[in-house]
Participant: 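I have a structure I would like to understand better, so I am pasting it below and will then ask my questions one at a time.
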There are 2 protein chains.
Amino acid sequence: MPAAGRTWAGTTLTDRKAARRRQLLDAGLDLLGTGGSGAVSVRAVCRHARLTERYFYENFADRDELILAVYEGVVAEAHQALLDAVTAGTEGTAEPRVRAEAAVTAFVELIIDDPRKGNVLLLAPLTDPALSRRGVERVPMFAELVREQLSDSLDEGERAMTATALVGGLTNLFTAYLGGTLHVGRERLVAHCVRLVLSSAGYPAPHS
Amino acid sequence: MPAAGRTWAGTTLTDRKAARRRQLLDAGLDLLGTGGSGAVSVRAVCRHARLTERYFYENFADRDELILAVYEGVVAEAHQALLDAVTAGTEGTAEPRVRAEAAVTAFVELIIDDPRKGNVLLLAPLTDPALSRRGVERVPMFAELVREQLSDSLDEGERAMTATALVGGLTNLFTAYLGGTLHVGRERLVAHCVRLVLSSAGYPAPHS
DNA sequence: CTAGCCTGACAACGGTCGTAGTCAGTTTGC
DNA sequence: GCAAACTGACTACGACCGTTGTCAGGCTAG
């Protein structure tokens, strides 16, 4: 019976286990977000985290479980950032343009601040079998944003197609921007994305 | 000095070499288009093609070269199918709606007819390092189609963003349809894509 | 018939991988 | 001081990998 409360070097086993989990997740994010799917093996993660493989299995059943945990962690963080931005920048107003702009700006800032997270959100659901096999959504927070704005007059099929096209469009824009193949300034990117969101939601697109 | 004209079992070395190349490309398409990137190794391809590894190196320097060749083969085929459809269905007319509809219909038919090719065109450029490292374009024929329709009043940045968003939208729709997560009929998908192409190109979207 | 090309079926080398076990040394509460 | 928990550093096994070479047998033009 392991003594969870017993201290070792000043910490309990529970805390050490949690710390090791954190290290592994950080290593996972580092590798997945920079080297891509193929760079993430159990051994590579452990090497990166400077832990022996036996500690990997202390926290995760297998590689899939780690990948999923990394992804979900980044999604939660992005979701929170968008929520905060939409709440703070709009002061509770429901004006779609303002909300969309706050959301897009927050997302672009997040991926610029840490491109690894952008790669995890935008590419890993397609590139990593652990995620693609599950059919996980890319940038679920945006899919959600447009779904809640769509006109009630659209049937399920139209809503699905509209949301699918929007997510595809946005992710491709973000990916291109992050990859340095889209040579526009940040403000213009944000403006274009906002227009895309609004026009998908059926609002008239203002022309700049 | 190998005798290229010398016959063996009725064929020349040149012909046998070409036949083996065909077999390897077919195996590559099979594996990449069904099992995804991770299913394609030199050994796996050779096993699938029922050839020994030494024949792999007769035609390809490495795995990357095979992947690229498979991809380019499918692109060329899709490009030709779209060209034929646009030419045949429009009888030389320049009406954007008709052309877009012919192109989209031809593409959807191609990927339904052979989902492996859809997967290669839509996913491999992102999922396989051999292609993603090169930054190869997804569905280049569509990027081209919209670029040539874009208003001249748009600057380079707007054109790039518009094309990027469209390609992202289209590929996401096709991918979802191919993966069985988009539950709409083919005609509705085609109609939606046509609307997307036309609205991206600045044409008023007719409402159904 | 024969020498040389060609083929298929390996073997070999060095590498990585996932997973699990062992062992010696360290730490800790009693 | 001691038994037990804990740690770090391995080892081990079986699997797959990329690439290259070898060998015995088959085929062919001269």
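Keep in mind that what you see is a predicted model, and the values were worked out from it rather than measured. Each chain gets a letter, A, B and so on, in the order the sequences are listed, and its residues count up from 1.
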Participant: Where the side chain of Ala9(B) is defined as all heavy atoms beyond and including C-beta, which of dT19(D), dG26(D), dT28(D) is the nearest nucleotide?
Facilitator: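 Of the options given, the side chain of Ala9(B) lies nearest dT28(D).
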
Participant: Roughly how many Å is it from CD in Glu53(B) to C1' in dA11(C), rounded to a whole number?
Facilitator: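 Rounded to whole Å, this separation is 12 Å.
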
Participant: So that I can tick it off, tell me whether Arg188(A) and Glu158(B) are bridged by a salt bridge, with the cut-off set at under 4.0 angstrom between side-chain N and carboxylate O.
Facilitator: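 Yes, this pair counts.
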
Participant: Just to confirm, is there a sub-4.0 Å distance from OP1 or OP2 of dA29(D) to any side-chain nitrogen or oxygen of Thr7(B)?
Facilitator: yes

Participant: In a check of side chain to side chain contact (heavy atoms under 4.5 Å, CB included) between Leu25(A) and each of Val74(A), Asp30(A), Val70(A), Val45(A), which one passes?
Facilitator: Val70(A)

Participant: Of Arg20(B), Lys17(B), Arg21(B), which is the lone residue that meets side chain to side chain donor-acceptor pair (under 3.5 Å) with Glu58(B)?
Facilitator: Arg20(B)

Participant: Between dA5(D), dG26(D), dC17(C), which nucleotide has the shortest distance from any of its atoms to the side chain of Trp8(A)?
Facilitator: dA5(D)

Participant: Of all the nucleotides listed (dT28(D), dC17(C), dG18(D)), which has the minimum atom distance to the side chain of Arg47(A)?
Facilitator: dC17(C)

Participant: With sugar-phosphate meaning primed atoms plus P, OP1 and OP2, does Arg63(B) contact a base, only sugar-phosphate, or nothing at under 4.0 Å between heavy atoms?
Facilitator: nothing

Participant: Given that Leu51(B) and Val42(A) both sit by DNA chain C, which one's nearest nucleotide is further toward the 5' end?
Facilitator: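 Mapping each residue to its closest nucleotide by heavy atoms, the 5'-most match is Leu51(B).
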
Participant: At 4.0 Å (heavy atoms only), tell me whether Arg16(A) reaches a base, stays on the sugar-phosphate, or touches nothing.
Facilitator: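 If one applies the 4.0 Å heavy-atom cut-off, Arg16(A) turns out to touch the sugar-phosphate alone, with no base involved.
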
Participant: Both Arg54(A) and Ala44(A) contact DNA chain C. Taking the nearest nucleotide for each, which residue is further toward the 5' end?
Facilitator: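 In this pair, the answer is Ala44(A).
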
Participant: When you match Ser41(B) and Arg20(A) each to their closest nucleotide on DNA chain D, which lands nearer the 5' end?
Facilitator: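 In this pair, the answer is Arg20(A).
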
Participant: Ignoring the backbone of Tyr57(A), work out which of dC6(C), dG18(C), dT28(D) is nearest its side chain.
Facilitator: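 Selected nucleotide: dG18(C).
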
Participant: Between the side chains of Asp26(A) and Arg22(A), is the shortest nitrogen-to-carboxylate-oxygen separation below 4.0 Å, so that they form an ion pair?
Facilitator: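 Salt bridge between Arg22(A) and Asp26(A), a charged N being under 4.0 Å from a carboxylate O: yes.
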
Participant: Between Tyr55(A) and dC6(D), is there a side-chain N or O to OP1/OP2 distance below 4.0 Å?
Facilitator: no

Participant: Counting just side-chain N and O atoms, does Arg43(A) come under 4.0 Å of either OP1 or OP2 of dT19(C)?
Facilitator: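 Indeed not, no polar side-chain atom of Arg43(A) lies that close.
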
